[in-house]
Amino acid sequence: MSNRPELEFEKGYAIIINNCEKNLYYYIDYDTRQANPYHMRFPHIHASFYEIMIPLDAGISHTFNGITYPLEKNDIVLVPPGVPHQSIYPQNAPPLKRIIINFMYPENLFSMREGFEELLGIFKLEPSILRLVPNYQTPCFNILNSIFNMSHQAEILPFSVYELMLQTNFTEFLWTLYQSQNENIYSYQSDDSSITQKISEVCSYIHANYSKPLSLESLAKTFYISPCYLSRQFRQTTGFRLTEYIQNVRIINAQFLLSSTTQSVSNIAMACGFTSFSQFNRVFHQKSNCSPTEYRRSHGHSHWV
């Protein structure tokens, strides 16, 4: 993977377009992260916006629905709304560089719904990670570098022109990714003999079945592992007790439904696998530091996509 193009990077720099009138939002964050107890210990879900993560150092991995995918420098991770995900940084390593791009578009997709929905289809790849050879990667990264360089001239441009050019360049970036998707060389290799892989399968199962009754005993039976061994290995691998992990998955999905739908709180509680409304309220407050109703009020139902 030599001779790959380099992305422009400036630690702590950010590009922000937040035009509520036009329902246009971009946030491009150039920064570093490292493993620590306070940085996203658990997967999260974006209710409204899309995310692109590009690691600029080796050693970072990413989880989708409980499955961990190792990354290489310059991989392009595509995260659609509604999918539990998390970036994982290696323990005892220095801060690693990455670029995060968050964006939202209005529901009418600028009256060009069919075209934008086709471009945004790249976020439905399985897994949604693009690893491109330099011939295909260079055009993508040239556009991102153009956006970076243009942002440093924002003060001398009329804001309306700057906003238009960023939108135009970013649409071209999505188009370039769309054209390159058939050249994706990313390949996920699992190790079925590894206990880490087994725990990954358990996590994936929980993400897919959180609405159903789940317990240590039932999961141990499903995966042909003794309950004691599963409990011990699960905590050693994930850092969470199994019951705590199940509750966390249910809560992040409840948060997503509260902020992105108008379903009643009681229906959301049932849909997320809670056996009683009082249990849901108690666990939700414990995990979110507010009630479900307060969470919905502060996050609201989004009209962006």
Validation row: Leu230, Ile199 side chains within 4.5 angstrom (heavy atoms): yes

Stepwise side chain to side chain contact (heavy atoms under 4.5 Å, CB included) check, Phe280 with Val265: CA-CA 9 Å; Phe280 173 61; Val265 176; 3.7 Å; yes

Just wondering, do Asn65 and Val83 contact through their side chains at under 4.5 Å, heavy atoms? yes

Sequence-distant partners of Glu8, salt bridge (Lys or Arg N to Asp or Glu O under 4.0 Å), two or more places apart: none

Considering residues at least two apart in sequence or located in another chain, which fulfil the ring-ring contact (aromatic ring centres under 6.0 Å, His included) criterion with His285? none

I want to check something: taking the side chain as every heavy atom from C-beta on, are Pro95 and Tyr89 in contact at a cut-off of under 4.5 Å? no

Does any non-hydrogen side-chain atom of Leu56 lie less than 4.5 Å from one of Leu7? yes

Step through it carefully: locate the ring centre of Phe123, locate the ring centre of Tyr50, and say whether they are under 6.0 Å apart. yes

Going by the side-chain hydrogen bond (donor to acceptor under 3.5 Å, both in side chains) test, which pairs reach into residues 223-245, not counting sequence neighbours? His207-Tyr245

Mind checking whether Ile88 and Leu71 sit in one hydrophobic cluster, side chains of I, L, V, M, F, W, Y counted as touching below 4.5 Å? no

In terms of ring plane angle, is the pair Tyr105 and Phe103 parallel, tilted or perpendicular, where the classes change at 30° and 60°? tilted

Between atom CD1 of Ile246 and atom CG of Leu219, what is the distance when rounded to the nearest 0.5 Å? 5.5 Å

Could you tell me whether the side chain of Tyr188 reaches within less than 4.5 Å of the side chain of Ile67, counting heavy atoms only? yes

Ignoring hydrogens and angles, state whether a donor on the side chain of Glu51 or His46 is under 3.5 Å from an acceptor on the partner side chain. yes

Applying ring-ring contact (aromatic ring centres under 6.0 Å, His included) to Tyr205 and not counting sequence neighbours gives Phe223

Charged N to carboxylate O below 4.0 Å: is that the case for Glu117 and Lys124? no

Okay, side chain of Ser128, backbone of Leu78: is any donor-acceptor separation there less than 3.5 Å? yes

Shortest non-hydrogen contact from Ser48 toward Met104: CB-SD, 3.4 Å

Check Cys140 against Tyr136 and note the closest heavy-atom contact, atom names and distance. SG-O, 3.5 Å

Could you pull out every donor-acceptor pair under 3.5 Å between side chains of residues 267-279 and any protein atom, sequence neighbours left out?
unit_1 : atom_1 : unit_2 : atom_2 : d
Asn267 : ND2    : Ser264 : OG     : 3.2
Thr275 : OG1    : Gln279 : OE1    : 3.3
Ser276 : OG     : Ser278 : OG     : 3.3
Ser276 : OG     : Gln279 : N      : 3.1
Gln279 : OE1    : Thr275 : N      : 3.2

Taking side chain to side chain donor-acceptor pair (under 3.5 Å) as the test, write out the residues that go with Ser200, two or more places apart. none

Please list, chain by chain and in numerical order, all residues satisfying salt bridge (Lys or Arg N to Asp or Glu O under 4.0 Å) with Asp29, sequence neighbours excluded. Arg98

Taking the side chain as everything from C-beta on, heavy atoms only, tell me whether Leu119 gets closer than 4.5 Å to Thr171. yes

Is there a side-chain contact between Leu125 and Ile129 (heavy atoms, below 4.5 Å)? no

Please check this pair: side chain of Ser298 against backbone of Glu294, looking for a donor-acceptor N/O pair closer than 3.5 Å. yes

To the closest 0.5 Å, what do you measure between CG (Asn248) and CG (Asn253)? 11.0 Å

Not counting sequence neighbours, which residues clear side chain to side chain contact (heavy atoms under 4.5 Å, CB included) with Ser146? List them please. Asn169

Sub-4.5 Å side-chain heavy-atom contact between His62 and Gln86: no

CG on Asn19 to CG on Leu24, rounded to 0.5 Å: 6.5 Å

Quick check: does any side chain N or O of Gln153 sit under 3.5 Å from a backbone N or O of Met150, one acting as donor and the other as acceptor? no

For ring-ring contact (aromatic ring centres under 6.0 Å, His included), just list the numbers for Phe284 and Tyr295, CA-CA rounded to whole Å, side-chain angles, deciding distance to a tenth of an Å, and then say yes or no. CA-CA 10 Å; Phe284 192 95; Tyr295 187 92; 5.6 Å; yes

Going by the rule side chain to side chain donor-acceptor pair (under 3.5 Å), which residues pair with Glu172 if we only count those two or more places apart in sequence or in a different chain? none

At what distance, to the nearest 0.5 angstrom, does CG of Asn135 lie from OG1 of Thr138? 7.0 Å

Considering residues at least two apart in sequence or located in another chain, which fulfil the ring-ring contact (aromatic ring centres under 6.0 Å, His included) criterion with Tyr26? Phe170

Euclidean distance, Ser111 OG relative to Leu109 CG, rounded to 0.5 Å: 9.0 Å

Could you grab the distance from atom CD1 of Ile225 to atom CD of Glu201, nearest 0.5 Å is fine? 8.5 Å

Identify, with sequence neighbours excluded, every residue that meets salt bridge (Lys or Arg N to Asp or Glu O under 4.0 Å) alongside Lys97. Asp57

Glu183 vs Val133, side chain to side chain contact (heavy atoms under 4.5 Å, CB included): CA-CA, chis, key distance, verdict: CA-CA 8 Å; Glu183 307 301 327; Val133 297; 5.7 Å; no

Keeping Arg296 on the side-chain end and Leu258 on the backbone end, is there a donor-acceptor pair under 3.5 Å? yes

Would you call Asp75-Lys73 a salt bridge at under 4.0 Å N-O? no

Under the side chain to side chain contact (heavy atoms under 4.5 Å, CB included) rule, what do Asp31 and Lys11 come out as? Steps first, then yes or no, please. CA-CA 5 Å; Asp31 214 336; Lys11 186 179 183 303; 3.6 Å; yes

With side chain to side chain contact (heavy atoms under 4.5 Å, CB included) as the criterion, how do Gln181 and Leu177 come out once you've worked through the C-alpha distance, each side chain's angles and the decisive distance to 0.1 Å? CA-CA 6 Å; Gln181 62 183 306; Leu177 292 180; over 6 Å; no

Might you confirm whether atom CD of Gln286 has over 12 heavy atoms from other residues, nucleotides or ligands at distances under 6.0 Å? yes

Hydrophobic clustering (ILVMFWY, side-chain heavy atoms < 4.5 Å, transitive) - are Leu144 and Leu164 grouped together? no

Counterpart residues, ring-ring contact (aromatic ring centres under 6.0 Å, His included), relative to Tyr210 (two or more places apart): none

Distance-only donor-acceptor check, side chains Ser151 and Tyr13, under 3.5 Å: yes

Taking it one step at a time, do His85 and His44 satisfy side chain to side chain donor-acceptor pair (under 3.5 Å)? CA-CA 6 Å; His85 68 282; His44 59 287; 3.2 Å; yes

